[in-house]
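The structure appears below as structure tokens.
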Amino acid sequence: MDLHAIDYQAAFAEAAKQVEGSLRDLPTAHLDEFPAEGTVCAVVDLNVGFCRQGALASPYADAVVPRAAALARACAERQIYTLAYTDCHRDDSPEFSAYPPHCVKGSGEEKVVEQIAAVPGIKIVEKASTNGFLNWYIKELLDRYEVGHLIVTGCVTDICVYQLATTCKAYANAEGRELDVVVPLDCVDTFDIPGVHGRDFYNAVFAASMQANGVRLVERIEW
């Protein structure tokens, strides 16, 4: 690939049309579609460090909390297994070469925000990388139980949500099994750093990429 030969303006203009088309008029799902015994709801990184305070805290992540908490509570009330991933790093994590230090164990940033932690029966799962699949907890759930549906909410759209959703889908594909991975877009978001990380761009591109990789996008899940 010759990056210098790319006509970025033309390529991005065409890509924008494709992304807009793929994300237009997404459906709404209903929680009745998801059987209790075959569904897992995974909330990703709605913790203090991403929502309230710290180098990576964002008001856009915090704004997701009420909707994601309400959906998680509705799932729990229907006996759908519900878990909350949270970043929890050692203070010398290699990840800090790519991102500023965040969610260090014992700092308080790794604590799940109270609205999520208060969901009855929710399982808190610590992770030490951007990809929650790599602590193997959800892999064990997928292997041990007849999970046919996975609902993924939280932050951020283009990193931890994206990696969990697409990795779980890819794992199921590799195992030759059907797994309906669903991301309700009203329950995910990403951060905005002008000139560095444009929120709208990354939300749109990575939502479209999830869709292209077999993840089912919906505007929201009602109940």
Side-chain angles (χ1 to χ4, degrees), residues 3 40-65 68-69 72 81-119 122-144 150-171 174 181 183 187-199 201-203 205-207 209-210 213 215:
L3 294 176
V40 172
C41 176
V43 183
V44 180
D45 282 340
L46 292 182
N47 59 25
V48 172
F50 289 119
C51 296
R52 304 286 163 80
Q53 64 184 40
L56 295 182
S58 168
Y60 299 109
D62 199 26
V64 164
V65 171
Y81 188 77
T82 306
L83 62 95
Y85 278 107
T86 184
D87 253 18
C88 186
H89 295 291
R90 48 190 292 172
D91 58 10
D92 62 348
S93 170
E95 187 175 299
F96 298 159
S97 64
Y99 303 99
H102 61 280
C103 300
V104 173
K105 190 174 183 65
S107 69
E109 291 184 15
E110 81 283 15
K111 300 297 184 183
V112 174
V113 296
E114 60 275 11
Q115 295 99 314
I116 301 297
V119 172
I122 196 166
K123 170 72 173 178
I124 307 298
V125 181
E126 295 179 348
K127 64 183 180 69
S129 80
T130 53
N131 194 336
F133 190 88
L134 298 181
N135 79 345
W136 309 123
Y137 183 79
I138 203 161
K139 177 182 181 296
E140 292 175 4
L141 287 178
L142 296 175
D143 288 346
R144 186 175 300 177
L150 172 64
I151 301 167
V152 181
T153 69
C155 74
V156 294
T157 313
D158 50 309
I159 306 174
C160 299
V161 168
Y162 178 85
Q163 292 183 14
L164 181 66
T166 56
T167 303
C168 286
K169 185 65 177 178
Y171 176 70
V181 181
V183 175
C187 288
V188 299
D189 213 326
T190 193
F191 58 94
D192 188 73
I193 301 176
V196 176
H197 184 279
R199 172 176 168 248
F201 175 83
Y202 282 93
N203 269 331
V205 168
F206 280 83
S209 183
M210 282 191 279
N213 282 283
V215 174

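Along the sequence shown, residues carry numbers from 1. Every value quoted in this text rests on a predicted model; they were computed, and no experiment measured them.
- Looking at residues two or more places apart in sequence or on another chain, you find a side chain to side chain contact (heavy atoms under 4.5 Å, CB included) between N213 and Y162, T166, S209.
- Between Y137 and K127, the closest side-chain pair of non-hydrogen atoms is not below 4.5 Å.
- Taking the side chain as every heavy atom from C-beta outward, I138 and L164 approach each other to under 4.5 Å.
- Taking the side chain as every heavy atom from C-beta outward, F191 and V156 approach each other to under 4.5 Å.
- Annotation for P94 and S97: closest pair O-OG, 2.9 Å, computed over non-hydrogen atoms.
- Residues passing the side chain to side chain contact (heavy atoms under 4.5 Å, CB included) test with Q53, sequence neighbours excluded: V48.
- For E140, the salt bridge (Lys or Arg N to Asp or Glu O under 4.0 Å) test picks out no residue, with sequence neighbours left out.
- Between V43 and A72, the shortest heavy-atom contact is CG2-CB, 4.2 Å.
- Between C155 and V64 the shortest side-chain heavy-atom distance does not fall below 4.5 Å.
- For the salt bridge (Lys or Arg N to Asp or Glu O under 4.0 Å) test, residues two or more places apart in sequence or in another chain that qualify with E126 are K105.
- Note that CG of D45 is 6.5 Å distant from SG of C103, once rounded to the nearest 0.5 Å.
- Nearest heavy atom pair, residue A117 against residue V112, reads N-CG1, 3.8 Å.
- Two residues are said to be in side-chain contact when any heavy atoms from C-beta on lie closer than 4.5 Å; T157 and M210 meet this criterion.
- Shown here for A69 and V119, the closest heavy-atom pair between the two residues is O-CG2, 4.1 Å.
- Put simply, the side chain of P100 reaches to within 4.5 Å of the side chain of L56, judged on heavy atoms.
- Residues V205 and D158 form no side-chain contact, since every pair of their non-hydrogen atoms from C-beta on lies 4.5 Å or further apart.
- In terms of heavy atoms, A68 sits closest to T153 at CB-OG1, 4.0 Å.
- Legend: residues meeting side chain to side chain contact (heavy atoms under 4.5 Å, CB included) with S93, ordered by chain and number and at least two apart, are H89, R90, E95, F96.
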Apply side chain to side chain contact (heavy atoms under 4.5 Å, CB included) to L83 and L141, showing your working.
CA-CA 11 Å; L83 62 95; L141 287 178; 3.7 Å; yes
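- Residue F50 holds its CZ atom at 11.5 Å from CD of E110, rounded to the nearest 0.5 Å.
- Scanning both residues, C51 and V113, for their nearest heavy atoms gives CB-CG1, 4.1 Å.
- When each of N47, L46, I116, V44 is checked for a side-chain contact (heavy atoms from CB on, under 4.5 Å) with T86, only N47 meets the rule.
- Aromatic ring pairs are classed by plane angle as parallel below 30°, tilted from 30° to 60° and perpendicular above 60°; the pair F206 and Y202 is parallel.
- Using a 4.5 Å cut-off on side-chain heavy atoms (C-beta onward), E109 and V104 make no contact.
- To the nearest 0.5 Å, atoms SG (C88) and NZ (K111) are separated by 8.0 Å.
- Atom CG in N135 sits 5.0 Å away from atom OH in Y85 (nearest 0.5 Å).
- Not counting sequence neighbours, D192 has no partner by the salt bridge (Lys or Arg N to Asp or Glu O under 4.0 Å) test.
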